[in-house]
Structure formats: structure tokens, C-alpha cells
Novice: 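So that we are looking at the same thing, I have put the structure below in C-alpha cells.
Just so it is clear, the model here is predicted, and its values are computed rather than measured.
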Amino acid sequence: MLKATLRSFLAHKGRLVLSALAVILSVAFVAGSLIFSDTVTRTFDRLFASTSADVTVGPKDDELEGQLPTGAVETVPAALAERIAGLDGVADTHVDAAVENITIVDSENESVGPTTGAPTIATNWYITDRSPVELTSGHAPEGPGQALLDADTAKNKDVEIGDTLTVLARPGSFEVEVVGIATFTTTNPGAALVFLDTATAQTELLGDPEAATSISVTAAPGVSDDQLKQRIADELGPRAYEYQTADEQAESAAASLGGFLDVIKYVMLGFAGIATLVGVFLIVNTFSMLIAQRTRELGLLRALGADRRQVRRSVLTEATLLGLVGSTLGLAVGIGMAFGLIELMGVLGMNLSSAEMVIGVGTPIAAYAVGLGVTFVAAYLPARRAAAVSPMAALSDAEIAGVGRPLHLRAVIGGIVGAAGIAALVGCAVSADTGSAASLLGLGVVLTLIATVIAGPLLVRPVIRVLGGAFPALFGSIGRMSQRNALRNPRRTGATAAALMVGIALVAGMSVASASMTKSFDDQIDKTLGADFVVQNQNFMPFPQEVTDRVGDTVGDAGLVVRQRFTPVEVRLPDGERVETTAAAYDSGLDEVANVTYAEGDSAAALADGAIAMDVEFAREHDVTVGSTIPVRFPAGKNAELKVAALTDQDQADGFGTQGGLYFGMETIEKYVPEGQDSALYVNAGSAVGVDDLRANLERTLDEYPQVQVRDQADYKELIRGQIAVLLYLVYALLGLAIVIAVLGVVNTLALSVVERTREIGLLRAIGLARRQLRRMIRLESVVIAVFGAVLGLALGLVWGVCVQQVLALQGMKALAIPWGTVIAVVVGSAFVGVVAALLPALRASRMNVLAAIAHE
């Protein structure tokens, strides 16, 4: 049996190639994501470990995590360096003055910073044996007005020694001359670095010559990092500052980088999941058809003495061989994919070395587990079907397994699973709790997908009769035969269409969700934004006070400028719950630039000193009423008791993680976060200057601040659409992958179907069917199968999308939008997919020798 199995596998290797591609893609994405993330993690672990000081003393971390920063820089007294230097076991100390809330521009007001999302860092210059850079040309900065620039930024932005740059920092802007170039000796994480002398960095970056962002301490020989950390803590007070050893600092830095790595890793694993799911359908279909075509062969084996277990084991052995080949090739492709990602990171500014690629033990284990698991699971049901072949089948003509078998069991199982899925989706739609609704949504999506796959063959005949109903009228007998070929085996047609259905259901659901989000935000902007313009950093980060001052001067006394700031806070509520969120602060002209709906109170009360406003639903959930006093903790451990003076009823999304819709007056935030910066300016034109003229004036004024943009309502909507589109592009990429594998599935099905119908095709050719007519028949069959999958996917995806919108509605995004353009494009695209998938099988069928085909068994 083993010899017969190996010969069978080699005999059908051409038919299994397309199934192997699905395995290869699945394994490649898994292996590539693991190799890439392991390589980046190892590289940065080495970077952080080699550049971290033995002990670092920094500001106490108050653990408040707001999603929007205040712009304030936490500092420690620079005098701590001298105090620590006198301790036993200290070899050296250095004052650190490093900030990321800056922008660097050249003489043409073009940003010198990276465009990849990496930070622009300004810091003081000093060299130790752990410095990540070395001076390679010019000289070190020796006073105000001098700076070093890292070599990568200088090369990318065409900056040379002698050029003048402007640093836009929180205390104010200042110019520097580039007097030297520093080159990275380790991995460049993609950041732009500018180095100043220590005194200038303290004054110009921190606004305080006596401040530092941290103190770096080097241990004397024979003193461990932990010992030194304990001595410093004993001297300064264990709770006064944050103390970290080199290992702890490296771990903290790696954790902050982990979010970026996780995004890439999970995206790639998402692609692997889609490839695996769609690949299962392809492999099931392939093995089912191979077994159907080998009915007589399997019957002969049974007649010669092979029992059911041996036949089943034979089919599973073929699947295992397919899995081994696919996993091996997939691992190789995954290594190539990881290499490509590493090179791409180099183009984006993160210089990783492909020579240091890390292939951990877990990577090949995961690769082979996925590859073998996919093929084994997918081949199990066909293997059971093979074992059920009777020895008498060897004496009769081979027949297509499953054609005449009733679908009653599928109807029952599919109906039960579908009913459970529909019940979960209905529960999601009526739920008032976001967490419960999301859980029910996930359950409903899984169950309805499974139900549609199970019951898909039941829908083949009624749906394809409709979809192909015009074929006889348009294409005559050719159209009628193509429709009947698609109807011939509902199980096969359903399984083939299911692969395409998964991808289209995903994109349809997410398209509805994204369109609904876009419309909700558009409606929200129309409803709430009353300002002529919004001046805002392009990445929503705070900007220096001088930007606010310049805008105020440009607008003039006749216009209006309302500032907005954010700060993380923790509120202790009457029901005993503590909530960490982000609160906003506004100037008193809020009603002139925003349309705020209040359930109780008004803007004047909400923005008064010592007052706070919150969303009315949030207040009800936590037993808060107007007049309640709420303890609020601000950054740096500052605490306040604020009185709830107004409740808003905006019926809108929280946005930016601002749970509770908390906001108060600018006077309050300046009291408790005095170093904060403005995040947005809402501007109204005055009577003396028209709106168009004001925009031109603002853009001219802010030309030297490239990080700040002037936006009106239309611009703001476009910005939101662009952010939502990023998610949609990912979904489209997933759809593209699913379509590629689905095309392989249709090609596989049609190719095997052509082999199965060889004699039939020969007879048709013998009675006068032309090659062109034969190709058209196969193309039409492919098109109707693809459109059938698209129809199922769209129906399923639209239901999912509506349910997703119901979950979003609990967060205030209540507008429902159906992207009909996308729906039509998907149907047309699926027909095109059907045409493409049929090209090779149709060409092969048309080239058959008529006499050989008639004699084929």
C-alpha cells in the first residue's frame, strides 16, 4: 500500500501543484512574519543593551496613559548628577537633555525629520563607550548655535556641514549651524538626531538650564547595576525618582517598540490565516475530485484485499507528502519574504542587516505545523469518503462521488449552525453593551460563515439557475451546457465558490463598516465643528506656544482663536470605579467654534475654574450628577477636586480614546499641567478679513512650521477618510490574497473537471463542437461559479457590515452607509476572476485529441 501510495502521489503531482501553492502561501506568511519580528527584536535588543547606561535616574512614572500627549516634558534636577557622582561605586555621571517633541526645518522651511513615523530627537552631545554614534566629520558642538546631525538624515535631506537649521522646540525656535556629522555605529532605528552641547540643550530644549530629562550613571568596576541602583535609591529616596538598570531600560525600550512589531506581525499572521482558511477549501475540493476520479482504482485496491483503514491511510499519506513539500517550499519563500521586509525597512530608514537574520527553532516548527496541519485536516473528510468506496466500484463505471447523494444532512446541520449564528448577530444588533455586542458579533460571524459553507451546495441549484438564466438566450446550447455543468455537482461548485466567498464577505463587511464610519464622522464634523479653520499638527501632536502666538497675531482682534489641549487623567467616580482617559481643555469661546449639545448646564459653567463636563451617558453609568465632586489625578501626581458643572449629549463617537467626553477650561489645565502645549486651534475669521483671505494669511504665517496644517471642514473630513482608508487598504490586500488562492481553486476545479469529462468533451467535439465554443463553455461555467461565490460573499458580508455598524453605533457612530459602488465592482470583478481562472483549463480542453478523448476511461 505504501508503494502504491507513493506511485499515486507521483502520478498526480501535476494536479496537486495548485493545492501546494495554497500551503506554500500559508506557511510563507507565518514563517516570514516570525523571522522578521525575531530579527528586529534581536537587533533592537542588542542596540538597547549596548547603549543603555548602567543605571538611569529619571522622573517618577505616574502610570497615566492618555492616548494624546500633553506636550510637557518631565524633568529631574540636573544637580542630581553631582550628588550621585559622590556615591561609592559610581565611576561617572552624565546629564541627559533629550526631547522628541520638536521639528527641524532647513533654510527652505522643509522638514528635515523622517516621514516614516519615526521620531525626531534632539539631545545633548557626550561620548561614552556606549554611545550609538561617533563623530565622523566636523567637530562637536561647542556652544549656542552649533549642532551635529546624524549621517543618515544628512544624506537623505541633503544637509551639509555649514548649513543652517531651525529647531522648533517647546520653549521656542532657535537656529543652529551644522558643524559636524555623527554616524550610527549600531542599528539606526530610523530616527533623525540632532546633537547640541549640554548647556544649550537644557536651555533651548527644556527651557531650564538647571533641568535634565534623566541622569545616566556608570558603575565602577566590581559594582553590579543592581547594587548601584540600590545605593542611588537609598541616597535620593526610593519613591522620589524612577531608577532603572541597563537591563530594565533595555526591556522598557523593547516593550515600547513591541507595539510597532506586533502590528507588522499580526498583519502578516492575518494574511497567513486568510491563506490557510481559503487553502483548506482548495485542498478539500482537490482531494474530493481526485478520489472521485479514482473510484475504480480504489475499488480495485479494496477488491485485492485492502481494508478501509489502509485506503484512508493511503489518502492521508498523500496529504502528508503534499504538506511536507508545501511546508518546505513555504519556509523557503518565507525566508525570502523576511529578507524583502528587512530590505524594505532599510528603504524606510530602519537599517537592519539581512546577514543577522534570525531563524529561531520555533519558526520551522510553526511552518511545518501549519503546512502539515492544513493538508491533514483538509484531506481527512475526503480520506473517509475514499475508505467508503465499495470493492464493487471496480466492476462499474467510475462515477462522480457525491453527485446523487442527498443533501438532507447538510441542510439540517447548516440550518442549526445558521440559526445559532443569526441569533448571535441579532443579539449583537440589540445589545446595549459594547463588549457583549462585539463578542456576539465575533460568534455570529464565525457561525454564519460555517453555516454558509455547509449549506452552500443547497443554494447552488436555485442561485445558479438565476445567475445563469440568461446564458441559453445569449449563448444558445453552449450557455445551457455551461449552466448545467455548474449545476452537475453542487458539492464541488459550493466548495469552489466558498474560497472566493470568504474574501468577498470580509471585504464587503469591512467596506460597510468603513463607509459607515466615514459617514458618521462626516455627519459629526458637520454637526459639531463650527470653526472656519482648524490649525493642527499633522500627526495630532502638540505644537510650540509660538505657533499659537503667530496664529493669534494673524487672526487679529476681530477674529477668534480657541485653544485645545489634552491631558491624561484618572477620575475616581461615585460608584467606586477608577477610569483612566484623556481629557480636553478649551478657551471660553468654545460655543463660537463648536456646536455642543448639553443635557444639563452650558459651556460657561463647564469651562469655569474648578469645573468639569462629561458625557451624560457616562455620568449615568457611574452615578454622576451635576454638582457631584470628582477627584481627578493629573500627570506628575497632581490631584484636584473638580465639580461636574455640565453634562453633554453629543450623540457622537468618543474619538481618540477620550472615554467619558471629559473637558474643562484652559485655566484648569494650566494650573495642573503648566508645561502643556496646544494640540489644536479653532479659528474664526473676523469682519475685516474674508475666510479665503484668512486661510491664505494663515498658510503664509505657518509656512515656517511644516508640521502644522490649516484645515477647513472639507480638509478635516478628508483627513478622517484617509485614516479609515488605511484599514480598508489592508482589507483589500487580504481580499487580493484570498482571490489569488480562490483563482487557484477555480483553476484546479476546472482542470480536474476537464480531466474527469475527457470522454464527454471528445464526444462533443466529435459531433461538431468547435474549439472556440468549447473554450467559451468552460469560461461561462467558471464565471457563473465565481459570481455565485461573490453573491454569497456579498450577502454574508453586508449582514456582517450592518452588525459591525450596530457595534460602532454604541460608540456614537450611528450612520449606516452601504458602498454600492464597491458592491457592483465586486460582482464585475468576480466575473473577471472567473474568466481569468478558466483560461488555462479551457485552452487545455480545446487542445485534446478527439479520438484519444473518446477512448479515454
Side-chain angles (χ1 to χ4, degrees), residues 1-35 268-269 271-294 297-298 310-340 359-383 386 495 499 737-738 740-752 755 840-841:
M1 281 300 296
L2 178 60
K3 187 179 296 184
T5 299
L6 293 175
R7 287 181 176 176
S8 175
F9 178 77
L10 295 175
H12 300 117
K13 58 181 179 298
R15 304 178 189 177
L16 297 174
V17 166
L18 295 176
S19 297
L21 288 176
V23 180
I24 290 169
L25 286 172
S26 305
V27 172
F29 279 109
V30 171
S33 62
L34 293 177
I35 293 171
M268 292 188 65
L269 290 178
F271 279 89
I274 290 294
T276 300
L277 179 61
V278 180
V280 165
F281 294 119
L282 196 160
I283 297 168
V284 168
N285 222 19
T286 301
F287 273 88
S288 296
M289 294 182 69
L290 288 176
I291 287 164
Q293 293 173 12
R294 292 164 55 196
E297 175 188 330
L298 296 174
Q310 287 177 307
V311 172
R312 183 168 60 249
R313 188 185 302 156
S314 173
V315 175
L316 291 177
T317 300
E318 286 190 39
T320 302
L321 291 172
L322 175 66
L324 284 171
V325 173
S327 299
T328 303
L329 295 176
L331 180 59
V333 174
I335 294 173
M337 189 178 294
F339 179 84
I359 304 177
V361 176
T363 298
I365 292 176
Y368 281 98
V370 169
L372 292 172
V374 168
T375 50
F376 190 87
V377 169
Y380 184 72
L381 287 178
L737 175 64
V740 167
I741 302 177
V743 167
L744 297 179
V746 177
V747 171
N748 219 13
T749 299
L750 291 175
L752 293 174
V755 173
L840 288 177

Novice: Of all the heavy-atom pairs spanning Gly330 and Val27, show the shortest one and how long it is.
Specialist: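 Answer, listing the atom of Gly330 first, then Val27: C-CG1, 3.7 Å.
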Novice: Just jot down the side chain to side chain contact (heavy atoms under 4.5 Å, CB included) partners of Arg313, sequence neighbours excluded, or say none.
Specialist: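 For Arg313 the side chain to side chain contact (heavy atoms under 4.5 Å, CB included) partners, ignoring immediate neighbours, are Arg309, Thr317.
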Novice: Looking at every non-hydrogen atom in both residues, tell me the closest pair between Leu331 and Ala367 and how far apart they are.
Specialist: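 Scanning both residues, the minimum pair turns out to be CD1-CB, 4.1 Å.
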Novice: Under the side chain to side chain donor-acceptor pair (under 3.5 Å) rule, collect the residues that match up with Thr328, sequence neighbours excluded.
Specialist: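 With neighbours one apart ignored, the set is Tyr368.
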Novice: With sequence neighbours excluded, tell me which residues meet side chain to side chain contact (heavy atoms under 4.5 Å, CB included) with Leu329.
Specialist: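 Side chain to side chain contact (heavy atoms under 4.5 Å, CB included) list for Leu329, sorted by chain: Ile24, Val325.
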Novice: Which atoms form the tightest heavy-atom contact between Gly334 and Ala31, and what is the distance?
Specialist: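 Smallest interatomic distance, heavy atoms only, reads CA-CB, 4.2 Å.
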Novice: What verdict does the side-chain contact (heavy atoms from CB on, under 4.5 Å) test give for Leu372 and Thr320, after you've listed the backbone C-alpha separation in whole Å, the side-chain angles of each residue and the deciding distance to 0.1 Å?
Specialist: CA-CA 6 Å; Leu372 292 172; Thr320 302; 4.1 Å; yes
Novice: If I compare all heavy atoms of Val30 with all of Ala366, which pair ends up nearest, and what's the gap?
Specialist: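 Between these two residues, the closest heavy atoms are CG1-CB, 4.2 Å.
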Novice: Holding to side chain to side chain contact (heavy atoms under 4.5 Å, CB included), I want the full list of residues that pass it with Ile35, two or more places apart in sequence or in another chain.
Specialist: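 Ile35 satisfies side chain to side chain contact (heavy atoms under 4.5 Å, CB included) with Thr39, Ile335, Ala338, Met357, Ile359, Thr363 once adjacent residues are dropped.
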